[in-house]
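We name chains A, B, ... by the order of the sequence lines, and we start the count at 1 in each one.
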Protein chains: 2
Amino acid sequence: MSEPSTKRVTIAAVARRAGVSPSAVSHVFNGRPNVSEATAARIRAAADELNWRPNLASRKVSGGGGRSLGLVIARSRGTFGRDPFFMRLLAGLTEPLAELGWSLSLTLVRPDEDEEQLYRQWWGEQRVDAFLLVDVRDDDPRLALVEQLGAPAALLGAPVPGPVASVTVGDGTAFAEAVEHLAGLGHRSVTRVTDAPGLAHTRARDERFREAALTRGVRAEVAAWDKAADDPVADLLGRLGESTAIIVDSETVAAEIVAHAPEVGVRVPDQLSVIAWEDSWVSTIVRPRLTAFDAPVEESARAAVALLERLVRGEDAAPQTVSGRRLLVRESTAPAPNNREESP
Amino acid sequence: MSEPSTKRVTIAAVARRAGVSPSAVSHVFNGRPNVSEATAARIRAAADELNWRPNLASRKVSGGGGRSLGLVIARSRGTFGRDPFFMRLLAGLTEPLAELGWSLSLTLVRPDEDEEQLYRQWWGEQRVDAFLLVDVRDDDPRLALVEQLGAPAALLGAPVPGPVASVTVGDGTAFAEAVEHLAGLGHRSVTRVTDAPGLAHTRARDERFREAALTRGVRAEVAAWDKAADDPVADLLGRLGESTAIIVDSETVAAEIVAHAPEVGVRVPDQLSVIAWEDSWVSTIVRPRLTAFDAPVEESARAAVALLERLVRGEDAAPQTVSGRRLLVRESTAPAPNNREESP
DNA sequence: TTGTAGGCGTTATCAA
DNA sequence: TTGATAACGCCTACAA
């Protein structure tokens, strides 16, 4: 294997080859204006020939660039893997990150593990320079933690009280739209199905939903998805009361409901209309295809990166709202069944 | 919040607090045996109180630990996002990586971008210490590239000629099993549906498939999935000839076929049996549920990490085969239709 | 068992 | 416009 790692090429080698001092090379590669165009060109050529690039670790040590974003996802492999949202998030993160030259450091921790420890570690090691917080819960200890550490951080989701900046997808008119759509189809009672109850955005959404329903004369209920139940779909459907339509926080759950409902005797959309609060390709491979809200995940990712970049530079950054949630009407919503009318 | 970022705490601070020299601290944190248990405890206590951890960048500069694995995925956001395999891969990677204290640096590049450039950059910057190669194609330029760079690398998928180590999921008996299963159901002609034609494992699989079919008196065909077609499913089904069963490389494609086939007049599994070569939760939310091969993705990920770790330490590592692909019979396979029997 | 000194590759400061 | 020189925070000989 011909000893490939003879010696790593350094800035000194480039300097020697260009007949200048290391600092000149540094200047050129950091866009400082005090180098003549001629020598700059010579330096760049030398670097190219040697295929040299500034060592990231060294830059970090000497205070320079080389930033990296930490994303810690506290989910089991299973619940991570079955949420297409994360694919979109990751994909959306990489592009703006690449533009900045930042790395993305990703890890999963099991929900029962001590994730705070990990934040401490990554920050302490200076492995990352900022955190993106997802799945933020009410009273999430990470909020105080990043504050205490002094780590730049932003959360994706509903804003929470406190100084941690947030990037929110503007739900402004979404519930109104959804309820409007359903009311137009004759539904008089709608249940909102929440996935993980503790999440910070749940309460805000509940309120919006209730408000939207109220002003349209639609009855609003809320039910929690119980994944621990023997047959979660049957369990949920059994708790629906008079509702003829549901709005489901999680797309995965919506897909499961739509797929499984017929097998427990409920036809979608004939007997039950279903709207998913998130959208991905999954919505189109279940039958009936899911009527869903397409959220601007990629844009949120970009906004979050931009926000964190500002924070890292020491500027302070205001909370961001990204708008663009739009209802994609597909096949899982239909006129309300008449036969439910008499039901108490 | 009491000025948190006054000054980053360093090894010197810890040393001072413990009343020792910096090197003593270093020794303790690098597991060297030349420190008495008493002072080691004192040092650890001091580090704890100061909440200090060795700066990763500094360790890297001074040749120490702090490794990081590079994963560059050359896919569009869309094709990345709709492949559950990557979720499993990422999830599977994080655990062994965390055990080693390695970071995972992830990025997506568009297929038309110069991905080699990125490998060069990451390696040159020493942003990563090893690469994991996925979606390896015949004659993949990255193989020569990592060799030239002297970068430790391993590929996930079929072994390729050359010195780059590979982690392969042993397909040994998988095709035999699949064909056996289908032959047992009366199928006499089976088509293998390939996703991306250039991938390195395609040819190997083709051969295995043909062989397995031959020895069981089943006719073997191969057809490529044409995602550019107006209606890819209809297009594919139109090219199936006598085949009453298909084995589909990509789970996503299989899901799409199963979902869409009835809409173009083909009932699954009555008229067509479908087997997916990969498995994830998606297999269970389409109807009929997909009969699929469950591949040990997490184990492969772990094997790849272990292999790369050895490579980085300078040991050389043999190609690995991870076994455990097993057929999960669900609802998308059924007895072959009779009406096809008369056909020669 | 502990501490000192030098080096890792880069950036920043300041003099030439 | 350039180039010494001193950090940056840690690790590893080697000396005490």
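Between B:V61 and B:A24, the one whose closest nucleotide on DNA chain C sits nearer the 5' end is B:A24. Both B:R42 and B:Q126 lie near DNA chain C, and the one whose nearest nucleotide falls closer to the 5' end is B:R42.
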task: Step by step, work out the side chain to side chain donor-acceptor pair (under 3.5 Å) result for A:R127 and B:S103.
output: CA-CA 8 Å; A:R127 185 187 295 250; B:S103 290; 2.6 Å; yes
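Between B:K60 and B:D129, the closest side-chain pair of non-hydrogen atoms falls below 4.5 Å.
A salt bridge links A:R110 with B:E95: the distance from a Lys NZ or Arg NE/NH1/NH2 to an Asp or Glu carboxylate oxygen falls below 4.0 Å. A salt bridge is defined here as a Lys NZ or Arg NE, NH1 or NH2 lying under 4.0 Å from an Asp or Glu carboxylate O, and A:R44 with A:E49 fails to meet this definition. A salt bridge does not link B:E298 with B:R302: none of the charged nitrogens is closer than 4.0 Å to a carboxylate oxygen. Using a 4.0 Å cut-off between charged nitrogen and carboxylate oxygen, A:E116 and A:R142 do not count as a salt-bridge pair.
For the helix from C:dT1-D:dA16 to C:dA16-D:dT1, the axis fitted to the five pairs at one end and the axis fitted to the five pairs at the other end meet at an angle of 40° (nearest 10 degrees).
Note: CZ (A:R16) to P (D:dG3) measures 14 Å, nearest angstrom. Remark: C1' of C:dG3 and CD1 of B:I43 are 12 Å apart, rounded to the nearest angstrom.
Residue A:T39 places no side-chain N or O under 4.0 Å from the OP1 or OP2 atom of D:dT1.
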task: Any chance you could list the contact pattern along nucleotides 10-16 of chain C? Use B for base contacts, S for sugar-phosphate-only contacts and - for none, protein heavy atoms under 4.0 Å, 5' to 3'.
output: BBB----
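With sequence neighbours left out, the side-chain contact (heavy atoms from CB on, under 4.5 Å) criterion links B:S62 to no other residue.
The shortest heavy-atom contact between A:L93 and A:A301 is CD1-CB, 3.5 Å.
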